[in-house]
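To start, the structure itself, in structure tokens.
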Number of protein chains: 2
Amino acid sequence: MNKQSLYKGCLEPIVLQLLGSHNRMYGYEITVKVKELTKGALQITEGALYPLLHRLEGEGVLTAEMEHVGNRMRKYYRLTPVGQATRKNALNELNDFIATLQLFNKPAIS
Amino acid sequence: MNKQSLYKGCLEPIVLQLLGSHNRMYGYEITVKVKELTKGALQITEGALYPLLHRLEGEGVLTAEMEHVGNRMRKYYRLTPVGQATRKNALNELNDFIATLQLFNKPAIS
DNA sequence: ATTGAATACATTGGTAACTTAGGTATGTGT
DNA sequence: ACACATACCTAAGTTACCAATGTATTCAAT
């Protein structure tokens, strides 16, 4: 078992948290920021991120605005009002989750 | 997204931790203990647990011994020496994971 | 000037780790 | 008698990811 598997299911709350503290971000920026923030511990793959962003946009959690920087396209995402609430809720769940995991955090007994 | 999805990938380290602090346990006991410990926050399904135990046994992480209590069978699992090491490693990964998640734990900015 | 890496978007196919639903059987409470 | 708890198990479907690939532009290095 690869430790990366622990992060399964955490991508959405992480992205929501990032967007909750950054006004707006584009996809590639998110991957770089996460890698940087976690010092490489977590590397979001684009194959996971882009479909997630599209889904969240479709659900009304995010809005997107295209922008051109030079000749290159960027798609900026930001939280909608619904997304703000979703983020808060996801944060609560994340904290409950962490608290629960801590219950099992014992050095050993043997 | 159901918050249960956060636990995806955490079942193995949790089971290893439990067995690391309990000498030996049987499957059903594990489900009850986890539910009790987490006050219902985490309910391991048998469809997830039994295949996991079988896999870990096959990998040499656990050994099993059958026992009869009255007319009913119990299959007790315990960590092998390999399993002890696996548990320690899983615990480290779990702690790193928690530390990484904490990086995103900010109330908000908005 | 060309090559590789970085930037930036995206999709497709495969898979691991679950959930849901079921099956078998014994014991216990009402 | 019936439901619920105990105790094992499996099979089929779902989900959320990863790996690989594709397109195109920009920049640094040789």
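Please read these numbers as outputs of a predicted model, since none were measured by experiment. All values below were derived from every heavy atom in this structure, side-chain atoms included, with hydrogens, water molecules and symmetry-related copies excluded. Order of the sequence lines sets the chain letters (A, B, ...), proteins ahead of strands, with each chain counted from 1.
Straight-line distance from the CZ atom of A:Arg55 to the C1' atom of C:dA10: 17 Å, rounded to whole Å. Put simply, CD on A:Glu59 is 13 Å from C1' on D:dA16, counting in whole angstrom units. Rounded to whole Å, atom P of D:dA7 lies 12 Å from atom CE of B:Met25. Distance CD1 (A:Ile30) to C1' (C:dA10): 15 Å, rounded to an integer number of Å. Rounded to whole Å, the distance from CG on A:Leu6 to P on C:dA16 is 16 Å. Counting to the nearest Å, the C1' atom of C:dT19 and the CG atom of B:Leu11 are 12 Å from each other.
Here the CD-CG distance, from A:Gln17 to B:Leu101, works out to 10.5 Å after rounding to the nearest 0.5 Å. Taken to the nearest 0.5 Å, the CG atom of A:Leu18 stands 10.5 Å off from the CG atom of B:Leu103. Within the model, atoms OH of B:Tyr28 and CZ of B:Arg72 stand 8.5 Å from one another, a figure rounded to the nearest 0.5 Å. The line from CD1 of A:Ile30 to CG of A:Leu53 is 5.0 Å long, rounded to the nearest 0.5 Å.
Residue A:Leu52 is classed as having no contact, given no heavy-atom separation below 4.0 Å to the nucleic acid.
Considering only side-chain N and O atoms, B:Gln4 lies nowhere under 4.0 angstrom from the phosphate OP1 or OP2 of C:dC18.
With D:dC8, D:dA16, C:dC9 as the candidates, the nucleotide lying closest to the side chain of A:Tyr50 is C:dC9. Closest approach to the A:Tyr26 side chain among C:dT11, C:dC9, D:dT10 is made by C:dC9 (side chain taken as heavy atoms from C-beta onward). Proximity note for B:Lys8 (side chain, C-beta onward) versus C:dT11, C:dA17, D:dT10: the nearest is C:dA17. Of the listed nucleotides (C:dT7, D:dA7, D:dC17), C:dT7 has the atom at the smallest distance from the side chain of A:Tyr28.
Of the residues in residues 62-75 of chain A, those lying under 4.0 Å from DNA chain D by heavy-atom distance are A:Asn71, A:Arg72. Of the residues in residues 32-49 of chain B, those lying under 4.0 Å from DNA chain D by heavy-atom distance are B:Glu46, B:Gly47.
A salt bridge links A:Arg24 with A:Glu65: at least one charged nitrogen is closer than 4.0 Å to a carboxylate oxygen.
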Q. Does the side chain to side chain contact (heavy atoms under 4.5 Å, CB included) test come out yes or no for A:Cys10 and B:Phe104, once each step is laid out?
A. CA-CA 11 Å; A:Cys10 297; B:Phe104 299 95; over 6 Å; no
Q.
Does A:Glu12 form a salt bridge (charged side-chain N to carboxylate O under 4.0 Å, His left out) with A:Arg55? I'd like the steps, not just the answer.
A. CA-CA 10 Å; A:Glu12 177 174 333; A:Arg55 177 170 65 77; 2.8 Å; yes
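No side-chain donor-acceptor contact under 3.5 Å links B:Thr80 to the backbone of B:Thr63.
Judged purely by distance below 3.5 Å, without hydrogens or angles, the side chains of A:Arg78 and A:Tyr76 never pair a donor atom with an acceptor atom.
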